[in-house]
There are 2 protein chains.
Amino acid sequence: MSSSPLKRSDKAAATRAAILSAGRRAFAAHGYDGVGVRAIAAEAGVTAMMVNRYFGSKEGLFGEVVTDSMRDPIILTPENMAAPDMARVFAEALVGITARDAEPLDGFQILFRSTGSETAARIARERIEHAHQAAATSVVRVGHPSERAALFLSLVAGFQLMRQVMGLDALAKADPAVLVDLLTPLIAEVLRPTARD
Amino acid sequence: MSSSPLKRSDKAAATRAAILSAGRRAFAAHGYDGVGVRAIAAEAGVTAMMVNRYFGSKEGLFGEVVTDSMRDPIILTPENMAAPDMARVFAEALVGITARDAEPLDGFQILFRSTGSETAARIARERIEHAHQAAATSVVRVGHPSERAALFLSLVAGFQLMRQVMGLDALAKADPAVLVDLLTPLIAEVLRPTARD
DNA sequence: GATTTCATTATACGAGCGTAGACTGAGCCG
DNA sequence: CGGCTCAGTCTACGCTCGTATAATGAAATC
C-alpha cells in the first residue's frame with residue numbers, strides 16, 4: 001500500500017517482469033511443454049494474451065527466460081577459477097552452501113526439463129555449448145581440455161539433474177558438508193589429473 | 001514373399017511388438033510429450049487405436065517401454081562389480097566400447113527427455129531410486145554409501161545426458177579411448193575414496 | 001473536460017491431443 | 001459352407017493448446 005502512484009508504463013514493466021518470473025518458475029518446475037501460457041499468465045496475475053504482447057510468443061518468453069536465468073554465473077566466476085582450492089569452491093557452489101536467496105541454478109532445471117521440445121532443446125544445446133567452451137578455455141588447462149571440460153559439465157549437470165530434477169533423496173536430503181567433501185576430490189580429478197598428462 | 005502363413009495370433013503379437021519398438025524409438029527421440037500416439041502407431045504401420053488396444057493407454061505404453069528398455073543391465077552387472085578393475089570396466093561400459101548392436105542405454109534418454117511430463121517423471125523417479133538402491137547396496141561399500149552411489153549415478157547420468165541427449169560434440173565425437181582414460185579415475189574416486197573414510 | 005493512448009481482457013478459431021464406440025473384414029472352427 | 005472371433009480401422013467427442021482479433025476502460029495528453 002501507500003507510496004508510488006505507479007504510472008502506466010511502470011505498471012506495464014511490472015507486468016512484464018511478473019510474467020518473466022512466473023515463466024521462469026513454471027519452466028523450471030514443469031519444462032517447456034509441461035506448462036501452458038494460460039497457467040503462466042495466471043500465476044503472474046494476468047491473462048494469457050499478455051505473454052504474446054510482451055514476448056511475442058511462448059517460445060519468445062522461453063528464450064528470454066533461458067537467457068535471463070543463464071546470466072547467473074553458474075559456477076564459472078573468475079574468483080572461483082582463481083581460488084587456491086578451486087575444486088572445493090566449485091563443490092560448495094554446486095551444493096549451494098553459499099545459499100544465494102534466489103532459486104539456485106534453475107537454469108539447468110529449465111533446460112533439462114525441456115529437452116522434449118524441439119525449440120527448447122535447440123536453445124538448451126546452444127547454452128550448453130557455450131558453457132562448455134567457457135569451461136574448456138578458462139578452467140581446464142591440462143590433458144585433453146575439451147574432453148575434461150565436457151566431463152566437468154557432465155558432473156555438474158548430472159548432480160543437478162539427480163538432486164533437483166529427479167529429486168533423488170540421497171542427494172536432496174544429504175548433509176551438504178558431506179556432499180562437498182565427496183565432490184571436491186571428484187572435481188579436482190576432472191580439472192587436474194593425477195597421472196600421465 | 002515366401003514362408004510363414006502368419007497365423008492371426010502371431011500377427012497380433014507382431015503388431016504389439018512393432019508398437020513397442022516404435023514407441024521406444026519415438027520416446028527416446030522426442031520424449032513422452034514430444035510424440036503422439038498417432039505418430040507412434042503410424043511408424044508401427046497401424047492406427048492410433050492399436051496403442052490403446054494393446055497397452056491400454058499412451059501412459060501404459062510408456063511404462064512398458066521404460067520397463068523394457070531398463071531391462072538392459074545398464075552397467076550394474078554382477079561381472080562388472082566383481083571385476084578387478086571395476087572402475088575401468090564401468091568406464092568402458094559407459095562409453096560403449098563393448099558396442100552392443102542395439103541402441104545403447106536409450107533408457108536414460110527416454111527418462112531424461114520425458115522429465116517434463118508428470119506421469120513420465122514419476123516413472124523415471126521410480127527407476128532412478130531403484131538403480132540408486134542397487135548401486136548403494138552392491139557396489140559402494142565405503143564412506144557414505146548412499147551419497148556415493150548417488151554421485152556415481154549422477155556421473156553416469158550426466159555423461160549420458162551430455163553425450164547422447166544434448167549431443168555435446170566434445171563427448172559425442174571424442175576418442176572413446178580418451179574418454180575411458182578420463183572416466184576411469186573419476187569412477188574409481190567415487191567408488192573408493194583416497195582419504196578419511 | 002474531451003480526446004487519445006494503451007494496458008488489459010473477452011471471445012473465438014483452428015489444430016492437435018488421447019481415447020471411446022461402432023464398424024469391417026479376414027481367419028478360425030463346427 | 002455358415003457363424004463366430006477378433007485384429008484392425010473409421011469417425012467422432014471433449015479437451016487443451018497457442019494465438020489472432022475486437023472490445024474495454026482507465027491513465028495520459030491537450
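The chains referred to below are lettered A, B, ... by the order of the sequence lines, with proteins before strands, and numbering in each begins at 1. FYI, side chains are in, hydrogens and waters are out, and symmetry mates aren't considered; it's all heavy atoms of this structure. It should be emphasised that the depicted structure is a prediction, and the values quoted were computed from it without experimental measurement.
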Write down the distance between [atom1] ([X]) and [atom2] ([N]), rounded to a whole number of angstrom.
X	N	atom1	atom2	answer
A:Ile40	D:dC17	CD1	C1'	12 Å
B:Leu61	C:dT19	CG	C1'	14 Å
B:Met50	C:dT24	CE	P	16 Å
A:Arg16	C:dC6	CZ	C1'	17 Å
B:Glu59	C:dC17	CD	P	18 Å
B:Phe55	C:dG18	CZ	P	15 Å
A:Asn52	D:dA22	CG	P	16 Å

Between B:Arg148 and A:Leu182 (side chain of the first, backbone of the second, donor and acceptor by atom type, cut-off under 3.5 Å), is there such a pair? no

Query raised in the report: Under 3.5 Å, side chain of B:Thr67 to main-chain N/O of B:Gly63, donor-acceptor pair present?
Result: yes

Comparing nearest nucleotides in DNA chain C, the 5'-proximal residue of the pair B:Ser57, A:Met49 is A:Met49

So, is [X] near the phosphate of [N], with a side-chain N or O under 4.0 Å from OP1 or OP2?
X	N	value
A:Tyr54	C:dT8	yes
A:Thr15	C:dA7	no
A:Lys11	C:dT8	yes

Applying a 4.0 Å non-hydrogen cut-off, can you work out what B:Val37 is touching in the nucleic acid: base, sugar-phosphate, or nothing? base

*Checking all strands, does A:Ser9 fall into the base, sugar-phosphate, or nothing category for heavy-atom contacts under 4.0 angstrom?*
nothing

Shortest non-hydrogen pair, B:Asp68 vs B:Arg24, comes out as OD2-NH1, 3.3 Å

Note: A:Leu61 and A:Val51 closest approach over all heavy atoms is CD2-CG1, 4.1 Å

### Message
Does atom NE2 (B:His30) have a neighbourhood of more than 12 heavy atoms from anything else shown, all under 6.0 Å?
### Response
no

Under the 3.5 Å rule, do the base of C:dT9 and the side chain of A:Arg53 count as making a donor-acceptor pair? no

Next item on the list: Assess whether one donor atom and one acceptor atom, taken from the side chain of B:Arg38 and the base of C:dG18, lie less than 3.5 Å apart.
Entry: yes

